[in-house]
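Let me begin by presenting the structure, written as structure tokens, before commenting on it.
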Amino acid sequence: MNTTRQEVLELIKEGDVKFIRLGFCDLFGFQKNIAIMADDLPRAFEEGVSFDGHAIKGFSDASESDLRLFPDPATLTVLPWRPGAGGTARLFCDINHNGAPFALDSRQILKRAVGTCAEMGFVCMVGAACEFYLFMTDENGAPTSVTVDKGGYLDIAPLDKSEDIRREICLTLDEIGIQPETAHHGQGPGQNKVSFTFSDALSCADNLMSFKTIVKKIAARNGLFASFMPKPIQDAPGSALHISLSLFEKGVNVFKSDAHAKAAAGFTAGVLSKSREMTLFLNPLANSYERIPSTPDPSLNPYLALALLLEAGLEGIGQGLALPPETDALPENLTQAIALARDSGFVRRVVGGKLLDAYVKAKETEVNYTGARYFEWV
């Protein structure tokens, strides 16, 4: 939905929406929000809504404590789990400090990458397919290690006990304007996979944030726990976040045009050449390395991941890189990934020195974490 401020205010009034959730992403890909009354939305558009950055993980070491959320009117979503009179809507926000973009706001970092892409004459479209596990919960609602079923790849009921959950997830996504493409049981017991149609890079990142929230809410509503942990079960397949990038120039898909073969090769070579340096942001947990990190996993911050992938590809085009005969192996553990990212001039340029230093500092404390430590919050 590409709406203006005035259109948002009119839609809010017509829909009898009373509460507005101002959503944003912390450094590590977790959604946060502040709720305001709908009557306060015009002020939020003009002045922003303040919050204490020191209380947000990853932002806590930043010198700027008084941060402001500025809603993006193009992201208006009326939340389907708060229907009817007195409903609730959500707007994703950009974070500012003293009238300037906050250095640790990953959404604005992706916006900059999209802007660079446009300046070079390209539009990047992104498709995603996300895997997750569903676990049973105990009498207190806490997750157990028992999966909802023992089904396998593309199984159907009765082996697949998740089909109604996936149906509810897809219907909810469709209701808020996110178009799922396919949904099915994954390889692991209790594992599921949902893929989405292509959208622009910023919308894709926003949609992934919404998707994870919806999956967790619907799972909880059905007495289950949804885990996006990369490897929640030691002897079962890990969960991946498959990302597909398409690059267009004047409406022509660069990867399907012989006339654009050089640009296609350059973009691909650019991503490959920076893959080791980017791995920390594509596979960010110690648990990520319990599975083979040949693809990103669902625990990432989608804004940072897409910004790095896009900038790497664009750099490859700009430098006229050719496809390499082979690529170096990806880091085998979180320690290696941290070192590669910390020393990368490319990563520092894209995400900024302040964000990189804060991210690395946080990840260094997680090096010895085991998968179980992440079970309840990813």
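Under a cut-off of 6.0 angstrom, the local environment of CG in Leu171 is crowded, with over 12 non-hydrogen atoms contributed by other residues, nucleotides or ligands. Atom CZ of Arg167 has 12 or fewer heavy atoms from other residues, nucleotides or ligands within 6.0 Å. Atom CG of Asn140 has more than 12 heavy atoms from other residues, nucleotides or ligands within 6.0 Å. The environment of CE in Met136 is sparse: at most 12 heavy-atom neighbours from other residues, nucleotides or ligands sit within 6.0 Å.
No side-chain heavy atom of Leu159 sits less than 4.5 Å from a side-chain heavy atom of Asp149.
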Could you tabulate the donor-acceptor pairs under 3.5 Å formed by side-chain atoms of residues 325-335, not counting sequence neighbours?
residue	atom	partner	partner atom	Å
Asn333	OD1	Thr335	N	3.2
Asn333	OD1	Gln336	N	2.8

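Atom CD in Glu47 sits 13.5 Å away from atom CG in Leu69 (nearest 0.5 Å). The distance from the OG atom of Ser106 to the CZ atom of Phe281 is 10.5 Å, given to the nearest 0.5 Å. Thr147 contributes atom OG1, which lies 7.0 Å from atom CZ of Phe135 (distance to the nearest 0.5 angstrom). Going from atom CG of Leu300 over to atom CG of Leu304 covers 9.0 Å, rounded to the nearest 0.5 Å. Of the inter-residue distances, the one linking Asp160 atom CG with His184 atom NE2 reads 11.0 Å to the nearest 0.5 angstrom. Between the NE2 atom in His54 and the CZ atom in Phe59 there is a gap of 11.5 Å [rounded to 0.5 Å].
The aromatic rings of Phe196 and Phe211 sit perpendicular, their planes meeting at an angle over 60°, well past the 30° parallel limit.
For Arg21 and Phe19, the positive end is not near the middle of the six-membered ring at less than 6.0 Å and at most 45° from its axis.
Between the side chain of Ser275 and the backbone N or O of Leu272, at least one donor-acceptor pair lies under 3.5 Å. Without hydrogens or angle criteria, Asn222 side chain to Ile218 main chain gives a donor-acceptor distance under 3.5 Å. Side chain of Lys216 to main chain of Ala226: a donor-acceptor pair is present (N/O by atom type, distance under 3.5 Å, no hydrogens or angles). Thr4 places a side-chain N or O within donor-acceptor distance of the main-chain N or O of Glu7, the cut-off being under 3.5 Å.
The stretch residues 188-204 participates, sequence neighbours left out, in these side-chain hydrogen bond (donor to acceptor under 3.5 Å, both in side chains) pairs: Arg166-Asn192, Thr182-Ser195, Gln191-Ser239, Asp200-Ser203. Applying the salt bridge (Lys or Arg N to Asp or Glu O under 4.0 Å) test to residues at least two apart or on different chains, the pairs with a partner in residues 261-276 are Lys274-Glu315. Within the structure, ring-ring contact (aromatic ring centres under 6.0 Å, His included) contacts touching residues 286-311 (residues at least two apart or in different chains) do not occur.
In this model, a donor atom of one side chain and an acceptor atom of the other lie less than 3.5 Å apart for Asp297 and Ser288.
Here Lys57 pairs with Glu366 in a salt bridge; the nearest charged N to carboxylate O distance falls below 4.0 Å. With respect to Asp357 and Arg348, a salt bridge is recorded, a charged nitrogen being found less than 4.0 Å from a carboxylate O.
Ring-centre distance between Phe51 and Phe24: below the 6.0 Å cut-off. Tyr133 and Phe225 have their aromatic ring centers separated by at least 6.0 angstrom.
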Review point. Run the side chain to side chain contact (heavy atoms under 4.5 Å, CB included) check on Ile95 and His97 step by step: do they pass?
Key: CA-CA 7 Å; Ile95 308 173; His97 175 71; over 6 Å; no
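Across Gly190 and Val148, no two heavy atoms sit closer than the pair CA-CG1, 3.9 Å. Considering all non-hydrogen atoms of both residues, Ala113 and Leu314 come closest at O-CD1, 4.1 Å.
Considering only residues two or more places apart in sequence or on other chains, Ser273 meets the side chain to side chain contact (heavy atoms under 4.5 Å, CB included) condition with Leu321. Contacts of Phe70 classified as side chain to side chain contact (heavy atoms under 4.5 Å, CB included), with partners at least two apart in sequence or in another chain: Arg68, Asn96.
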